[in-house]
Asks: 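Structure incoming, see below.
Counting starts at 1 for both ligands and their atoms, in listed order. Only heavy atoms go into these numbers, but all of them, side chains included; no hydrogens, no water, no symmetry mates. The first residue in the sequence is number 1, and the count goes up from there. Bear in mind that the values here come from a model prediction, so they are computed numbers and not experimental data.
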Amino acid sequence: MTSEITRRIEIKAGDITQLTVDAIVNAANQSLLGGGGVDGAIHRAAGPELLAECRVLGGCLPGEAKITKGYNLLAKHVIHTVGPIYSGKFEDARILSRCYKNSLTLALKYNCHTVAFPAISCGAYGYPIKDACKIAIDSVSDVLTSDTPLTKILFILFMSDQKKIYNDYFKKKFGKS
Ligand code: AR6
């Protein structure tokens with residue numbers, strides 16, 4: 001069972017906007033109308049049609065996810081999720097976990113089998129990367145049952161120190177890298 005999970009997970013450094021996958025996940029804000037960080041990068045790379053589609057989605061609550069087309073991106077879809085603004089309360093972890101799980105539920109509904117995640121909430125929203133990384137890997141692993149149609153989940157880290165933190169936790173959890 002463990003190998004069913006580990007062979008589907010990949011941890012890479014890079015820019016999420018450059019990936020050829022079925023869906024990339026955006027760390028958006030509740031308005032879904034764009035912002036800085038990975039959100040700004042995705043909107044710039046996808047082009048103005050992405051914002052036009054986002055305008056009719058009616059926003060998104062923390063922990064929820066909504067899907068659009070990818071437009072000028074190589075990815076077919078963008079899944080927009082809203083992470084918690086870190087407060088140190090127990091609730092933060094629950095919301096962050098729901099971001100990962102709801103994004104994958106939506107991916108499956110739209111036949112997306114390869115999905116890339118950034119480190120949701122770990123920039124402007126201030127979530128400590130070591131805590132967020134555990135929630136990310138644990139939440140995704142829970143969804144990767146042996147019969148899932150999800151074939152590849154990529155964690156795309158913008159900074160090499162983040163990649164090391166993910167690799168270290170992956171190794172600790174599964175005993176391999
Ligand atoms: N590819 C992959 N990861 C990236 C990229 C990229 N191109 N660019 C940045 N990151 P943040 P949040 C990483 O701030 O904390 C926005 O303004 C970055 O290094 O983008 O969830 C929204 O509109 C960090 O590790 O998202 C919201 O208002 C991670 O992506 C707010 O920021 C997330 O950082 C959301 O804050």
Asks: Can you find a pair of side-chain heavy atoms, one from L104 and one from K101, that are under 4.5 Å apart?
Replies: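 No, their side chains stay 4.5 Å or more apart.
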Asks: Are N26 and V38 close enough, and set up right, to give a side chain to side chain contact (heavy atoms under 4.5 Å, CB included), and what steps lead you there?
Replies: CA-CA 7 Å; N26 182 16; V38 72; 4.0 Å; yes
Asks: Do F170 and F174 make the cut of ring centroids closer than 6.0 angstrom?
Replies: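 Yes, they do, as the ring centres are separated by less than 6.0 Å.
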Asks: Based purely on interatomic distance, does I120 place a nitrogen or oxygen under 3.5 Å from a nitrogen or oxygen of ligand 1?
Replies: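 No, no N or O pair falls under 3.5 Å.
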Asks: List the steps, then state whether side chain to side chain contact (heavy atoms under 4.5 Å, CB included) holds for Y110 with D22.
Replies: CA-CA 9 Å; Y110 282 78; D22 293 335; over 6 Å; no
Asks: Evaluating non-hydrogen atoms only, which member of A27, A119, G35 is closest to atom 33 (C) of ligand 1?
Replies: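 Nearest heavy atom to atom 33 (C) of ligand 1 lies in A119.
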Asks: If you group Ile, Leu, Val, Met, Phe, Trp and Tyr whenever their side-chain heavy atoms sit less than 4.5 Å apart, what else falls in with V56?
Replies: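 Its cluster mates, by chain and number: none.
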Asks: Looking only at protein heavy atoms, which one is nearest to atom 17 (O) of ligand 1, and how far off is it?
Replies: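 Of every protein heavy atom, G36 N, 2.7 Å lies nearest to atom 17 (O) of ligand 1.
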Asks: Would one find an N or O of I16, backbone or side chain, under 3.5 Å from an N or O of ligand 1?
Replies: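 Min N/O separation from ligand 1 is below 3.5 Å for I16.
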Asks: Given Q162, H43, K12, which has its nearest heavy atom closest to atom 25 (O) of ligand 1?
Replies: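 Comparing heavy atoms across Q162, H43, K12, the nearest one to atom 25 (O) of ligand 1 lies in Q162.
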Asks: Looking only at distances, can you tell me whether any N or O atom of P118, backbone or side chain, sits closer than 3.5 Å to an N or O atom of ligand 1?
Replies: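 In this structure, P118 places no N or O atom under 3.5 Å from an N or O of ligand 1.
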Asks: For atom 32 (O) of ligand 1, tell me which residue out of A124, G83, G126 has the closest non-hydrogen atom.
Replies: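 That would be A124.
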Asks: Could you give the distance from CD (E53) to OH (Y71), rounded to the nearest 0.5 Å?
Replies: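 The distance works out to 3.5 Å.
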Asks: Taking both backbone and side-chain atoms of M159, is any N or O found less than 3.5 Å from an N or O belonging to ligand 1?
Replies: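 Such a contact does not occur with ligand 1.
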Asks: Note the single closest protein heavy atom to atom 3 (N) of ligand 1, along with its residue, its atom name and the distance in Å.
Replies: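 Protein heavy atom with the smallest distance to atom 3 (N) of ligand 1: F158 CB, 3.7 Å.
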Asks: Mark the output for S121 as yes if a heavy-atom distance to ligand 1 is under 4.0 Å, and as no if none is.
Replies: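 The answer is yes, since S121 has a heavy atom less than 4.0 Å from ligand 1.
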Asks: Going by heavy-atom distance to atom 22 (C) of ligand 1, choose the closest among L157, V38, D39, I129.
Replies: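 Of the listed residues, D39 has the closest heavy atom.
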Asks: Of all the non-hydrogen atoms in the protein, which one sits nearest to atom 15 (O) of ligand 1, and at what distance?
Replies: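 Result: G123 N, 2.8 Å.
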Asks: Taking atom types as modelled, find out whether D92 and Y125 have a side-chain donor-acceptor pair closer than 3.5 angstrom.
Replies: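 Looking only at side-chain atoms, Y125 and D92 do not form any donor-acceptor pair under 3.5 Å.
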Asks: Would you mind checking if D168 and K172 are paired as a salt bridge, meaning a charged N to carboxylate O distance below 4.0 Å?
Replies: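 Judged by the 4.0 Å cut-off on N to carboxylate O distance, K172 and D168 do not form a salt bridge.
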Asks: Under 3.5 Å between any N/O of N29 and any N/O of ligand 1: does that happen in this structure?
Replies: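 Yes, N29 has an N/O under 3.5 Å of an N/O on ligand 1.
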Asks: Checking side-chain hydrogen bond (donor to acceptor under 3.5 Å, both in side chains) between T68 and each of H80, E49, H77, which is the one that passes?
Replies: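 Among H80, E49, H77, the one that satisfies the side-chain hydrogen bond (donor to acceptor under 3.5 Å, both in side chains) with T68 is H80.
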